[in-house]
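Have a look at the structure below, then the notes.
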Amino acid sequence: MLPPAAAPFGTREILAGIFGCLRGSEERERFASELGAYFDVRHCFLLSSGKAGLAVILEALHDLRPARDQVLIPAFTCYSVPSAIRRAGLKVSLCDIDPATLDFDRAQLARILGREAGARILAVVPTHLFGLSADVGRARELAGACEAFVVEDAAQAMGAHHGRSQAGAVGDVGFFSLGRGKALCAVGGGIVLTDRDDIAERVEAHVRALPRDRLLDGLKLILYAFALALFIHPRLFWFPRMLPFLKLGETIYDPGFPIRRLSSFQAGMTRGWQRRLERLRSRRGENARRWMAAVDGAAFKPIVAEVPENLIRFPVLAPTRDRREAAVGGGTGAVLGIAPAYPGTVDSIRELDFTDRTDRFPGAREVAERLFTLPVHPLLSGRDMQEIEDWISRLATNAP
């Protein structure tokens, strides 16, 4: 059984993590310094997860603009994003997306930020979904007119380029995730980057107040790392998938998540991260190019026009919802790592209690119903690739 996404690591990274435990805060400082140099930014902060990083960012921005309480996000995105907004005590505001790019619908974004309501928006969050580049420059231009911050969601795009700049370093502040299935994995973790001194000052104040490493938490992470390194392998991935309490493959709205600093173990696991990241990106790029050729001319439509090497999953639109369900269902799709993305649009999350549940977000709804992804991670074998190609070919020629 293939995982839909993976950033595999091995014993070497785990041992480096254990060595990082012995170095403590020095290991975090080493990682932060390397990140600052790599992304050419002055300020870098390390948190326990990407959503923890986003929550801390939003708390810091709210300190700077306390009269504003809304955060504008795509209507189709990971549920961790609205979870972090609510965790920060702020309100979720939505903008539709363009199904052709998975980025903001430009016309609707301009209307939202141009209205009087734009004066309540604290931040706009363009998202590099699956590693696809969002137009952060356009978002900055529109957000600047209403003096809103731009928070770049590069959780799934570490190492990707946005024009001449690195993704995550284009907005006023950006963040990455080091969770399983992201571009780089350290069994969890989040990175916050900014070149703005005022934002950095407030983020640092919030980070200083967070609890430090606890021995028991460190031991849990070490055990989790060994388990993840073992069971992410396709020959064993079926086992954690059959355990419902692990909730693998589920997207959950949960604003009660913990916010901590990145542990020294996790920081230690990142030793040599630049080389590892480039190797992962290269393999993903090779696999994504093969999917471009396999899907081209079939009944399905790839989201990307050109193949960037920073994709962590290859997004495809089926012509109908039924064809999407045929691709991911029936047992075969799940075994091959073919998966849907998120269970629905953000306005469908009941806990957020959106009173206006009209079709104001047709692009997001279309994507939620028709999108599925193909795996591109380096655990794919040649045989796996051939089986996925054969499955796509059968689906294209035998429509349900």
Side-chain angles (χ1 to χ4, degrees), residues 54-55 57-79 81-82 84-86 88-129 132-155 157 162-163 165 167-175 194-196 198-199 202 303 342 344-349 352-368:
L54 176 56
I57 288 170
L58 295 175
E59 291 171 348
L61 298 182
H62 196 230
D63 290 345
L64 296 172
R65 304 270 175 81
R68 300 185 178 221
D69 62 353
Q70 295 185 6
V71 180
L72 185 64
I73 64 173
F76 182 79
T77 192
C78 180
Y79 286 9
V81 176
I85 295 170
R86 297 302 298 145
L90 300 169
K91 298 177 182 178
V92 178
S93 183
L94 301 178
C95 177
D96 201 9
I97 65 169
D98 181 350
T101 64
L102 305 186
D103 194 5
F104 282 124
D105 179 295
R106 291 188 175 192
Q108 190 174 110
L109 182 64
R111 287 196 301 271
I112 292 172
L113 296 178
R115 294 199 309 255
E116 185 177 331
R120 295 188 60 192
I121 293 176
L122 173 69
V124 179
V125 186
T127 302
H128 303 293
L129 201 59
L132 290 169
S133 291
D135 191 346
V136 182
R138 175 64 172 166
R140 290 198 70 166
E141 178 184 340
L142 294 172
C146 65
E147 299 183 343
F149 296 102
V150 172
V151 179
E152 192 175 354
D153 179 355
H162 183 77
S165 302
V170 182
D172 294 305
V173 57
F175 68 96
T194 185
D195 245 350
R196 289 189 50 161
D198 55 342
I199 296 176
R202 296 312 309 156
I303 296 293
Y342 309 120
T345 56
V346 176
D347 63 312
S348 68
I349 300 174
L352 290 176
D353 195 26
F354 280 96
T355 56
D356 184 4
R357 294 181 182 275
T358 62
D359 287 330
R360 291 184 300 127
F361 313 111
R365 205 167 305 282
E366 176 184 348
V367 169

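Keep in mind that the numbers below use all heavy atoms, side chains included, and drop hydrogens, waters and symmetry copies. Everything numeric in this text was worked out from a predicted model, so none of it was measured.
Between L122 and Q70 there is no side-chain heavy-atom pair separated by less than 4.5 Å. For the pair V124/L113, a side-chain contact is recorded, criterion being any heavy-atom separation below 4.5 Å from C-beta on. Taking 4.5 Å as the limit, some side-chain heavy atom of L102 sits within range of a side-chain heavy atom of V367. Using a 4.5 Å heavy-atom cutoff, the side chains of V346 and L352 are in contact. Using a 4.5 Å cut-off on side-chain heavy atoms (C-beta onward), V71 and I121 make no contact.
Residues passing the side-chain contact (heavy atoms from CB on, under 4.5 Å) test with A157 are H128, A154, A160, A167, sequence neighbours excluded. Contacts of R86 classified as salt bridge (charged side-chain N to carboxylate O under 4.0 Å, His left out), with partners at least two apart in sequence or in another chain: none. When the side-chain contact (heavy atoms from CB on, under 4.5 Å) test is applied to D103, the partners found at least two apart in sequence or on another chain are T101, A134, D135. Taking T345 as the reference, D347 meet the side-chain hydrogen bond (donor to acceptor under 3.5 Å, both in side chains) condition, with sequence neighbours excluded. When the salt bridge (charged side-chain N to carboxylate O under 4.0 Å, His left out) test is applied to E366, the partners found at least two apart in sequence or on another chain are R370. Annotation: side-chain contact (heavy atoms from CB on, under 4.5 Å) contacts of Q108 (sequence neighbours excluded): C95, D96, D105, R111, I112, F361. Legend: residues meeting salt bridge (charged side-chain N to carboxylate O under 4.0 Å, His left out) with E147, ordered by chain and number and at least two apart, are absent. Judged as a ring pair (Phe, Tyr, Trp, His ring centres under 6.0 Å), and not counting sequence neighbours, the contacts of Y342 are F76.
The main-chain N or O of P126 is never found under 3.5 Å from a side-chain atom of D153 such that the two would form a donor-acceptor pair. With hydrogens and angles disregarded, a donor-acceptor distance shorter than 3.5 Å links the side chain of E152 to the backbone of G171. Judged purely by atom type and a 3.5 angstrom limit, Y79 has no side-chain atom pairing as donor or acceptor with the backbone of I349.
To the nearest 0.5 Å, atoms CD1 (I97) and CZ (R106) are separated by 14.5 Å. Distance check, rounded to the nearest 0.5 Å: CD1 of I85 to CD1 of I57 gives 11.5 Å. Annotation: the span from F149 atom CZ to L58 atom CG amounts to 10.5 Å, rounded to 0.5 Å.
Dense packing is recorded around CZ of R196, with more than 12 heavy atoms of other residues, nucleotides or ligands lying under 6.0 Å away.
Among residue pairs with one or both ends in residues 62-77, those qualifying as salt bridge (Lys or Arg N to Asp or Glu O under 4.0 Å) are D63-R202, D69-K91, D69-R120; sequence neighbours excluded.
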Begin with the C-alpha distance, continue with both residues' side-chain angles, and end with the deciding distance and a verdict on side chain to side chain contact (heavy atoms under 4.5 Å, CB included) for D172 and V151. CA-CA 6 Å; D172 294 305; V151 179; over 6 Å; no
